[in-house]
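These notes are about the structure you will find just below.
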Amino acid sequence: MHHPDHHSFSRFMRILAFLIGVAVAPLALAASGEPPAPVSSAEALTPALTGQQVYNNVCIACHYPPGVGGAPALGDTDAWTPRIAQGMDTLIDHVLNGFTGGTGVMPKKGERLDLSDEEIIKAVEYMVEQVDQ
Ligand code: HEC
């Protein structure tokens, strides 16, 4: 008995395709580019994540309160106020290019180099919006 390595993955994909197909086949095909937005397909790298989605998938690993490795926690006014005072351009530069500051290391794009600059910028904006100023 020999099974190719990708057997169970491709079976998973076929089941997934089948379920999506049953639900929305003609519409989904017609509107290609508009994914049916399955919330749980964690592996899917859709091209246009919102800032909140990027945060929830990537940045949360370090920025979820109370913050890991010196990362300012989401919504922590004291941690964010002096950072925001640097200006958005500086914050965005630090996230896109990586930054070592007084509390730790912010890795370039949160180590998700596959994400676009635009998606990362939206995540920075999302995080800044969560701070009461
Ligand atoms: C591996 C942990 C880690 C991940 C993942 C991570 N960060 Fe950070 N981030 C940090 C740390 C640590 C700092 C604080 C660095 C310092 O000031 O010393 C930081 C700082 C920042 C700052 C403030 C920069 C400044 O100039 O003060 C922003 C904005 C930021 N992160 C956004 C993000 C975004 C957006 C993501 C997701 C795309 C993300 N981070 C993912 C660890 C992380």
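Owing to the predicted nature of the structure, the values given are computational and were not obtained by experimental measurement. Values reported hereafter were calculated over all heavy atoms of this structure, with side chains retained and with hydrogens, waters and symmetry mates removed. Read the numbers this way: they start at 1 and go in the same order the structure lists the ligands and their atoms.
Residues H63 and W80 approach most closely at ND1-CZ2, 4.1 Å, considering heavy atoms. Nearest approach of G67 to A73, heavy atoms of both residues: N-CB, 4.0 Å. The shortest non-hydrogen separation linking M127 to C59 is SD-CB, 4.1 Å. Here the closest non-hydrogen pair linking G70 and R83 is O-NH2, 4.2 Å. Minimum interatomic distance between L74 and Q130 (heavy atoms only, all atoms of both residues): CD1-CG, 3.6 Å.
The backbone and the side chain of T103 each have at least one atom closer than 4.0 Å to an atom of ligand 1 (non-hydrogen atoms only). With a 4.0 Å cut-off on non-hydrogen atoms, W80 touches ligand 1 through its side chain and not its backbone. Contacts between T90 and ligand 1 below 4.0 angstrom, taking non-hydrogen atoms only, are absent altogether. Contacts between R112 and ligand 1, counted as non-hydrogen atom pairs separated by less than 4.0 Å, are absent for every part of the residue.
Within the structure, ligand 1 has Q86 among the residues with a heavy atom less than 4.0 angstrom away. Within the 4.0 Å heavy-atom cutoff, A61 does not count among the residues contacting ligand 1.
Across the listed options E125, K108, R83, R83 owns the non-hydrogen atom lying nearest to atom 27 (O) of ligand 1.
Remark: at atom 8 (Fe) of ligand 1, atom NE2 from H63 and atom SD from M106 enclose 180°, rounded to the nearest 10 degrees.
Taking atom 32 (C) of ligand 1 as the reference point, the nearest protein heavy-atom neighbour is V95 CG2, 3.4 Å.
A distance of 12.0 Å separates CG of D93 from CE of M88, quoted to the nearest 0.5 Å. Rounding to the nearest 0.5 Å gives a distance of 10.5 Å between CE of M106 and OG1 of T100. Taken to the nearest 0.5 Å, the CG atom of L96 stands 7.0 Å off from the CD1 atom of I120. To the nearest 0.5 Å, atom CD1 of residue I84 and atom OG1 of residue T90 are 12.5 Å apart. Separating the CZ atom in R112 from the CG atom in L49 is a distance of 7.5 Å, to the nearest 0.5 Å.
Between H94 and ligand 1, an N or O atom pair is found at a separation short of 3.5 Å. At least one N or O atom of G104 sits closer than 3.5 Å to an N or O atom of ligand 1. Geometrically, ligand 1 and A71 share no nitrogen or oxygen pair separated by less than 3.5 Å.
Counting atoms of ligand 1 from 1 in the listed order, those under 4.0 Å from a heavy atom of I120 are 38 (C). Distances below 4.0 Å separate heavy atoms of C62 from the following atoms of ligand 1: 1 (C), 2 (C), 3 (C), 4 (C), 5 (C), 42 (C), 43 (C). Atoms of ligand 1 found under 4.0 Å from any heavy atom of G102 (numbered from 1 in listed order, with element): 18 (O). Contact atoms of ligand 1 toward V105: 10 (C), 11 (C), 12 (C), 42 (C) (distance under 4.0 Å to a heavy atom of the residue). The atoms of ligand 1 that sit less than 4.0 Å from any heavy atom of A123 are 35 (C). Listed by number with element, the atoms of ligand 1 under 4.0 angstrom from any heavy atom of C59 are 34 (C), 35 (C), 36 (C), 37 (C), 38 (C), 39 (C), 41 (C). For ligand 1, the atoms lying closer than 4.0 Å to a non-hydrogen atom of L91 are 23 (C), 24 (C), 25 (C), 26 (O), 27 (O). Counting the atoms of ligand 1 from 1 in the order shown, those under 4.0 Å from a heavy atom of G101 are 16 (C), 17 (O), 18 (O).
The hydrophobic clustering, which links ILVMFWY residues whose side-chain heavy atoms are closer than 4.5 Å, places I92 and V105 apart.
Ring orientation note: the planes of Y126 and Y55 are tilted relative to one another, at an angle of 30° to 60°.
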